[in-house]
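As structure tokens, the structure follows; a few thoughts come after it.
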Amino acid sequence: MNRRVYLDHNASTPIHPEVLAEMLPYFSEVFGNPSSIHTFGRDAREGVERARERVARFLGVSPQEVVFTSGGTESDNFGVKGLAYGRGKGHLITSSVEHHAVLRACQALEAQGFDVTYVGVDEYGIVDPDDVRRAIRPDTIAISIMHANSEVGSLQPITAIGRIAREHGVPLHVDAVQTFGKIAIDLDAFGIDALSFSGHKIYGPKGVAGLWIRKGTRMVAIQHGGEHERRRRAGTENVPGIVGLGKAAEIRGRDMHAEAERLTVLRNRLIDGVRDRVPDVRLSGHPTERLPGTASLLFRHVESESIVLGLDLKGIGVSAGSACTSGNVELSHVLVAMGVPLDWAIGAVRCSLGCSTTAEDIEYVIECIEPLVRKLRQAMPAGVA
Ligand SMILES: Cc1ncc(COP(=O)(O)O)c(C=O)c1O
């Protein structure tokens with residue numbers, strides 16, 4: 001039996017045992033509808049509000065500013081469309097490397113008559129704040145820039161972007177799905193007005209997330225129905241999920257900094273170990289301004305999916321940066337925006353480390369990658385490798 005090594009924590013994380021324990025009663029005895037005024041309902045409401053307080057404490061904000069949603073995707077849609085609809089027609093600014101939840105929300109707004117500028121990035125996937133400044137127009141109504149890129153791990157200069165947004169009186173939404181619970185977020189110093197985060201990236205459950213909305217920010221609901229979440233997000237709350245998200249945030253407050261240090265060491269060892277052994281490999285994204293646990297590697301002249309499947313046979317779970325469908329290579333929009341040449345971009349593999357990752361896991365992965373890439377390169381058609 002192979003060793004099993006999960007290095008895909010940016011995709012999802014295992015539920016922390018303390019989170020699961022906290023959630024379980026909300027699947028059984030505490031089943032009431034939190035909107036009901038009887039004791040069954042009030043017990044469920046208590047769970048939801050405790051979770052809201054925990055998230056708020058973690059972020060250093062007021063619980064009233066936290067709205068629970070069904071996922072990071074909904075939070076991003078809410079953040080972007082909620083700001084846009086709150087101001088009527090106008091112009092938005094985002095970047096070309098955002099998650100599709102933001103990019104496609106912006107495209108949907110364009111179809112409705114809003115204007116969107118997609119600012120580019122440098123070779124590391126990083127936005128130049130001056131490009132944001134230059135893109136601002138008199139009718140600019142919102143800016144949405146992600147904190148860390150999920151594929152390559154680069155961190156955006158949010159403080160500088162936030163300062164520019166403030167100077168121009170434009171609200172800033174930040175997709176922090178990959179940073180919430182992993183690195184510090186100072187909402188005031190960063191100048192953020194709305195922040196998306198998600199449960200399943202921080203050892204909480206899937207299908208639950210949140211949007212923090214700074215008090216006083218005009219944000220229009222995008223889902224209509226009952227009076228839930230102070231009329232900002234209709235729909236009976238996912239009580240066990242919200243309870244889990246609250247507990248996960250609390251645990252991250254306790255463990256985050258030590259884990260970030262530990263993961264940085266392991267990530268650097270992985271990068272150095274692979275680079276020492278495998279020719280023609282490079283790191284994508286910024287060498288230092290990056291998520292602690294993310295190493296996105298480009299293997300020249302090898303297909304990402306072949307590496308992912310080869311490592312899977314060794315019990316290792318990583319993710320492919322590019323996909324091949326019916327002989328066509330579908331490159332990640334992030335690598336395209338970064339200008340990564342095709343012969344490198346086809347071999348993009350993301351390793352994302354987490355709580356359970358050990359130094360032995362990393363040595364095992366390094367050991368497995370070298371012969372696999374060698375074999376795959378030998379099998380490439382002549383003239384390619
Ligand atoms: C940066 C970023 N934004 C948004 C999302 C969407 O979050 P969810 O999976 O909770 O819908 C993800 C998920 O991978 C992400 O990495």
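Numbering of ligands and ligand atoms starts at 1, following listing order. Side-chain atoms are counted along with the backbone in the values below, which use heavy atoms only and exclude waters and symmetry mates. All figures in this text were calculated on a predicted structure; none of them were measured in a lab.
- What sits closest to atom 1 (C) of ligand 1 on the protein, heavy atoms only, is D175 OD2, 3.4 Å.
- Under a 4.0 Å N-O distance rule, the pair R45/E49 qualifies as a salt bridge.
- For atom 6 (C) of ligand 1, the nearest non-hydrogen atom of the protein is T73 OG1, 3.5 Å.
- At a heavy-atom cutoff of 4.0 Å, ligand 1 is contacted by the side chain of S198 but not by its backbone.
- Scanning H99, H147, K201 for the heavy atom closest to atom 5 (C) of ligand 1 points to H99.
- Atom CD1 of I369 sits about 6.5 Å away from atom CG of L297, to the nearest 0.5 Å.
- Taking the charged nitrogens against the carboxylate oxygens, R277 and E370 have no contact shorter than 4.0 Å, which rules out a salt bridge.
- With respect to D8 and R350, a salt bridge is recorded, a charged nitrogen being found less than 4.0 Å from a carboxylate O.
- Close contacts of ligand 1 with S150, meaning ligand atoms under 4.0 Å from a residue heavy atom, involve 16 (O).
- Using a 4.0 Å cut-off between a side-chain N of Lys or Arg and a carboxylate O of Asp or Glu, E250 and R50 do not qualify as a salt bridge.
- Closest to atom 4 (C) of ligand 1 among all protein heavy atoms lies D76 OD2, 3.4 Å.
- Ranked by closest heavy atom to atom 16 (O) of ligand 1, the top entry among Q178, H100, K206, M146 is Q178.
- Here R3 pairs with D361 in a salt bridge; the nearest charged N to carboxylate O distance falls below 4.0 Å.
- Taking a cutoff of 4.0 Å between a charged side-chain nitrogen and a carboxylate oxygen, R254 and E18 qualify as a salt bridge.
- Considering only non-hydrogen protein atoms, atom 9 (O) of ligand 1 sits nearest to H200 NE2, 2.9 Å.
- The shortest N or O to N or O distance between G72 and ligand 1 is below 3.5 Å.
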